[in-house]
There are 2 protein chains.
Amino acid sequence: MEYGEETTSPIEMKLRDAGLRPTRQRMDLAELLFGNGNRHVTAEMLHAEALRRQVSVSLATVYNTLNQFAGAGLLREVAIEGSKTYFDTTISDHQHFYFEHDGRLIDLGPDEEVAVAVRKLPEGMKVARIDVLIRLVPDK
Amino acid sequence: MEYGEETTSPIEMKLRDAGLRPTRQRMDLAELLFGNGNRHVTAEMLHAEALRRQVSVSLATVYNTLNQFAGAGLLREVAIEGSKTYFDTTISDHQHFYFEHDGRLIDLGPDEEVAVAVRKLPEGMKVARIDVLIRLVPDK
DNA sequence: GTGATTGCAAATCTTTTGCACTAAA
DNA sequence: TTTAGTGCAAAAGATTTGCAATCAC
């Protein structure tokens, strides 16, 4: 492209659409998060990865950014026990397999999804979301 | 009962069976946990309750005790995102409603249970358990 | 007694915040 | 410019740990 040409990358669009200013840090982190397929990361993991890739960001900013992305619907938090918070780059409704022996977390494919239907809800409440976590252990 | 009579309360048996010495603190905490139906508590909550009931235990001991009970299979940890760890006195297979606006966690009744069936499992793996968490928010 | 358990305070770990500085619009 | 975003260090919240005192067996 020529000098002076204006471009808007898909990543930048994604941030703008979410109402977030496309700052250098956010662009870099978004690139790491969304430029490599579906991922499950913690703030610590993403920060370490950024440093490895020569991307300069503070851990505080990684935390803030992950929370902002999650708040904007770009990421989804996943609850597994343990203290760390995992963020999932796949935000559409889906479920997880969790390998208890090695801590790995993967998405279920569309053909593996489990159907869930709630029969009765507490008074005055509605479903925000249903989390399904299938905990696996090695066969026999 | 008469002086000198030996008794072994159900709570004490429970601890002994789990291989835990029935110390005063463990007995008191077990009483609070298991003597009032099904419960979902955090260490902080249980500690506050103990103090209210004139049961003297340190917060550190509450933490240690909850972890020991969980390790012994007397309690089950429930994964919800957020910082606090919840312990559930119901060990058997069941599901949860989580009230996002106030952090309350309750069990689904048998007539509210959601049917879950996994269609396909990763090679060489079997299901250890399936966690279902129904996140609720106030209607409209 | 002897080893397990407890309490307390200090330490750790994860995550959030205050504030001066920098960058985007 | 004006306002949002960032970095850093300090703060906060949850949980664990070290060690001397205490309790169960």
Side-chain angles (χ1 to χ4, degrees), chain A residues 6-9 11-32 40-48 50-51 54-72 74-75 77-87 103, chain B residues 6-9 11-30 32 40-48 50-51 54-72 74-75 77-87 103 105:
Chain A
E6 295 290 330
T7 56
T8 304
S9 71
I11 293 284
E12 180 169 346
M13 279 315 296
K14 192 162 188 160
L15 293 182
R16 287 191 188 287
D17 288 350
L20 297 168
R21 276 195 193 175
T23 64
R24 201 210 80 230
Q25 289 83 341
R26 284 180 183 158
M27 296 283 281
D28 288 346
L29 293 178
E31 186 62 48
L32 290 178
H40 300 91
V41 303
T42 63
E44 206 70 60
M45 285 164 59
L46 185 58
H47 185 235
L51 297 189
Q54 332 284 348
V55 170
S56 159
V57 278
S58 69
L59 179 56
T61 295
V62 172
Y63 271 105
N64 291 159
T65 302
L66 285 173
N67 284 146
Q68 288 155 357
F69 283 11
L74 266 36
L75 291 175
E77 278 184 52
V78 183
I80 311 176
E81 54 229 301
S83 34
K84 284 172 173 13
T85 302
Y86 280 77
F87 289 88
Chain B
E6 295 290 329
T7 57
T8 303
S9 70
I11 293 284
E12 179 169 346
M13 278 315 296
K14 194 163 185 158
L15 293 182
R16 287 190 187 286
D17 288 350
L20 297 168
R21 273 195 195 176
T23 63
R24 201 211 80 230
Q25 289 83 340
R26 284 181 185 156
M27 296 282 281
D28 287 347
L29 292 177
L32 290 178
H40 300 93
V41 303
T42 63
E44 205 71 58
M45 286 164 59
L46 184 59
H47 185 235
L51 296 188
Q54 330 286 348
V55 170
S56 159
V57 276
S58 69
L59 180 56
T61 296
V62 173
Y63 271 107
N64 292 158
T65 301
L66 285 173
N67 284 145
Q68 288 155 357
F69 283 10
L74 266 35
L75 291 175
E77 274 185 55
V78 183
I80 308 175
E81 57 230 299
S83 28
K84 284 173 171 19
T85 303
Y86 281 77
F87 290 88
L105 183 71

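Chain naming here is simple, since letters A, B, ... match the order of the sequence lines and numbering starts at 1 in each. Since the structure is predicted, the reported quantities are computational estimates derived from the model, not experimental observations.
Taking 4.0 angstrom as the limit, A:Q25 places none of its side-chain polar atoms (N or O) nearer than this to OP1 or OP2 of C:dA23. OP1 or OP2 of C:dT6 has not a single side-chain nitrogen or oxygen of B:R24 nearer than 4.0 Å. OP1 or OP2 of C:dG7 has at least one side-chain nitrogen or oxygen of B:S58 nearer than 4.0 Å.
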Subject >> Evaluation steps, side chain to side chain contact (heavy atoms under 4.5 Å, CB included), between B:S56 and B:Q25 >> reply: CA-CA 8 Å; B:S56 159; B:Q25 289 83 340; over 6 Å; no

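The residue among A:R21 and A:A60 whose nearest nucleotide of DNA chain D lies closer to the 5′ end is A:R21. Each of B:T23 and B:T42 was matched to the nucleotide of DNA chain D holding its nearest heavy atom; the match closer to the 5' end belongs to B:T42. Nearest-nucleotide assignment on DNA chain C puts the 5′-proximal partner with B:S56, out of B:S56 and A:L59.
Straight-line distance from the CZ atom of A:R26 to the C1' atom of C:dA23: 12 Å, rounded to whole Å. The separation between A:H47 atom NE2 and C:dT15 atom P is 13 Å, rounded to whole Å. Rounded to whole Å, atom C1' of C:dA24 lies 13 Å from atom CG of A:L15. Rounded to an integer number of Å, the gap from CD of A:E44 to C1' of C:dT14 is 8 Å. Distance, B:L29 CG to C:dT5 P: 14 Å, rounded to whole Å. One atom, OH of B:Y63, and another, C1' of C:dA9, lie 15 Å apart when rounded to the nearest Å. With rounding to whole Å, B:N64 atom CG is found 15 Å from C:dA4 atom P. Rounded to whole Å, atom P of C:dT16 lies 11 Å from atom CD of A:Q68.
Bracketed by its first and final contacts, the part of DNA chain D lying under 4.0 Å from non-hydrogen atoms of chain B reaches from D:dA14 to D:dC25 in 5' to 3' order.
Of all heavy-atom pairs spanning B:A43 and B:L66, the tightest one is CA-CD1, 3.5 Å. B:I11 and B:A30 make their closest contact through CG2-CB, 3.7 Å (heavy atoms, listed as atom of the first residue, atom of the second, distance). Residues A:L20 and A:A72 approach most closely at CD1-CB, 4.2 Å, considering heavy atoms.
Within the nucleic acid shown, B:T65 has no heavy atom closer than 4.0 Å to any nucleic acid atom. Among the atoms of the strands shown, only primed sugar atoms or phosphate atoms (P, OP1, OP2) are found under 4.0 Å from some heavy atom of A:T85.
A donor-acceptor contact shorter than 3.5 Å links the side chain of B:R26 to the backbone of B:R21. Looking at A:T61, its side chain never comes within 3.5 Å of a backbone N or O of A:V57 through a donor-acceptor pair.
Counting heavy atoms of neighbouring residues, nucleotides and ligands inside a 6.0 Å radius, atom CZ of B:F87 exceeds 12 of them.
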